[in-house]
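Numbering of ligands and ligand atoms starts at 1, following listing order. Here the structure is a predicted model, which means the values were calculated and not measured.
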Amino acid sequence: MGQLEAKGLLCERDDRILFSDLSFQVNAGEWIQITGGNGAGKTTLLRLLTGLARPDAGEVCWQGEPLHRDRDSYHQHLLWLGHQPGIKTRLTALENLRFFHHHGDSARCMDALAQAGLAGYEDIPVNQLSAGQQRRVALARLWLTHAILWILDEPFTAIDVNGVERLTRRMADHTARGGMVIMTTHQPLNVAGDKIRRIALTSERAGQ
Ligand SMILES: Nc1ncnc2c1ncn2[C@@H]1O[C@H](COP(=O)(O)OP(=O)(O)OP(=O)(O)O)[C@@H](O)[C@H]1O
């Protein structure tokens with residue numbers, strides 16, 4: 001089972017301190033929402049947690065080891081879905097999933113697309129899908145991945161109410177089975193308060 005630990009993170013952008021001395025742990029089965037207004041540093045923090053960027057001070061550890069020591073093995077445990085859908089718009093929805101998940105046979109990929117609400121759209125080039133449907137193609141990976149840790153930046157952007165409900169259920173299932181979710185969203189989450197822990201990137205952070 002995994003454990004992610006942020007230790008004393010400092011991040012500066014344009015001579016402004018976004019956050020400093022930020023420490024927290026995420027354990028198996030935990031669901032974390034990073035909160036804060038526009039520009040508070042949520043995406044920046046998520047990128048530090050993925051190992052794609054390095055903090056100005058402090059470090060991020062996975063199972064006790066600093067990420068930069070063995071990023072490749074960390075990435076086997078991680079599913080990162082960034083702000084952009086990160087999909088190939090000339091490929092079909094199904095081809096996109098097969099591209100990301102080589103182990104995913106067509107039947108599993110079709111099932112994942114159905115779970116994401118895209119049944120009937122499997123063979124359509126992604127550039128002919130709506131913004132929300134394109135996002136759903138990326139999010140269908142949540143039904144295919146074996147990664148224990150999901151880091152999701154604004155996964156609900158452009159997603160309708162029904163889609164948000166499906167995704168929320170999927171995240172709840174994942175954490176109930178010992179998975180970990182760290183996400184940002186500006187939308188209210190329809191989840192019992194004790195199921196989710198919030199880490200605020202604001203001056204109110206003290207006391208969180
Ligand atoms: N590559 C970069 N170079 C310089 N400054 C950056 C860079 N990326 C982000 N910033 C700055 O860092 C700050 C935090 O940006 P970030 O994207 O982390 O905020 P956020 O909390 O995710 O915001 P939002 O809710 O709008 O997505 C912003 O003030 C932004 O201008």
Side-chain angles (χ1 to χ4, degrees), residues 4-26 30-62 66-68 71 74-75 78-87 89 116 130-142 145 147 149-161 163-168 170-171 174-175 179-191 193 195-208:
L4 187 72
E5 188 171 10
K7 297 183 184 176
L9 299 183
L10 167 71
C11 187
E12 291 179 322
R13 288 279 184 270
D14 302 326
D15 296 329
R16 188 165 68 93
I17 292 181
L18 285 181
F19 43 84
S20 67
D21 201 20
L22 177 64
S23 299
F24 56 87
Q25 273 187 17
V26 184
E30 282 201 294
W31 189 350
I32 309 289
Q33 181 186 1
I34 310 289
T35 66
N38 291 134
K42 300 179 299 298
T43 296
T44 306
L45 174 60
L46 292 189
R47 287 178 57 79
L48 300 185
L49 299 180
T50 62
L52 294 171
R54 294 280 294 271
D56 295 301
E59 62 182 6
V60 181
C61 295
W62 172 250
L67 293 192
H68 59 89
R71 229 170 55 157
Y74 172 57
H75 284 172
L78 171 69
L79 178 74
W80 155 243
L81 294 181
H83 234 298
Q84 302 297 323
I87 47 179
T89 53
S130 74
Q133 287 171 328
Q134 292 192 17
R135 188 99 196 153
R136 283 176 185 243
V137 173
L139 290 162
R141 297 178 63 194
L142 298 184
T145 183
L149 173 60
W150 298 355
I151 300 185
L152 313 171
D153 196 0
E154 294 286 348
F156 301 145
T157 300
I159 299 290
D160 62 27
V161 175
V164 169
E165 220 175 275
R166 280 172 192 247
L167 289 162
T168 307
R170 179 67 182 145
M171 293 175 206
H174 182 60
T175 48
M180 306 152 83
V181 178
I182 305 174
M183 63 181 290
T184 61
T185 176
H186 288 293
Q187 300 190 20
L189 270 172
N190 188 15
V191 180
K195 293 247 187 297
I196 197 152
R197 179 152 64 96
R198 294 189 169 82
I199 294 173
L201 292 186
T202 64
S203 49
E204 298 124 42
R205 179 154 63 77
Q208 288 282 318

Using side-chain heavy atoms (C-beta onward) and a distance below 4.5 Å, is Glu30 in contact with Met180? no

Distance to 0.1 Å, residue and atom name: give those for the protein heavy atom nearest to atom 17 (O) of ligand 1. Thr43 CB, 3.6 Å

With heavy-atom distances below 4.0 Å as the criterion, list the atoms of ligand 1 near Asp14. 5 (N)

Within-cutoff protein neighbour (heavy atom, under 4.0 Å) for atom 28 (C) of ligand 1: yes

Is any side-chain heavy atom of Trp62 closer than 4.5 Å to a side-chain heavy atom of Val60? no

Indicate yes or no: at least one non-hydrogen side-chain atom of Leu152 is less than 4.5 angstrom from one of Leu142. yes

Could you tell me the residue and atom name of the protein heavy atom closest to atom 26 (O) of ligand 1, and the distance to it rounded to 0.1 Å? Asn38 ND2, 2.9 Å

With heavy atoms only and a cut-off of under 4.0 Å, state how Leu18 meets ligand 1: side chain, backbone, both or neither. side chain

Is_contact(atom 23 (O) of ligand 1), protein non-hydrogen, under 4.0 Å: yes

Need the ligand 1 atom indices (1-based, order shown) with element for anything under 4.0 Å from a heavy-atom of Thr44. 14 (C), 15 (O), 16 (P), 18 (O)

Please check whether Glu154 reaches ligand 1 - meaning an N/O of the residue sits under 3.5 Å from an N/O of the ligand, judged on distance alone. no

Option of least heavy-atom distance to atom 7 (C) of ligand 1 (set: Lys42, Arg16, Arg13): Arg13

Step through the shown structure and confirm whether more than 12 heavy atoms of other residues, nucleotides or ligands are within 6.0 Å of CD on Gln25. yes

Pairwise side-chain contact, Ile199 with Ile182, heavy-atom cut-off 4.5 Å (strictly under): no

Pick from Cys11, Gly36, Gly39: the one approaching atom 14 (C) of ligand 1 most closely through a non-hydrogen atom: Gly39

With a 4.5 Å heavy-atom cut-off, do Leu139 and Ile159 have their side chains touching? yes

Using heavy atoms and a 4.0 Å limit, tell me yes or no: is His186 in contact with ligand 1? yes

Passing candidate, side-chain contact (heavy atoms from CB on, under 4.5 Å) with Leu78, options Leu49, Leu4, Leu67, Thr50: Thr50

Please list, in number order, the atoms of ligand 1 under 4.0 Å from a heavy atom of His83. 27 (O)

Does some side-chain heavy atom of Thr168 sit less than 4.5 Å from a side-chain heavy atom of Asn190? no

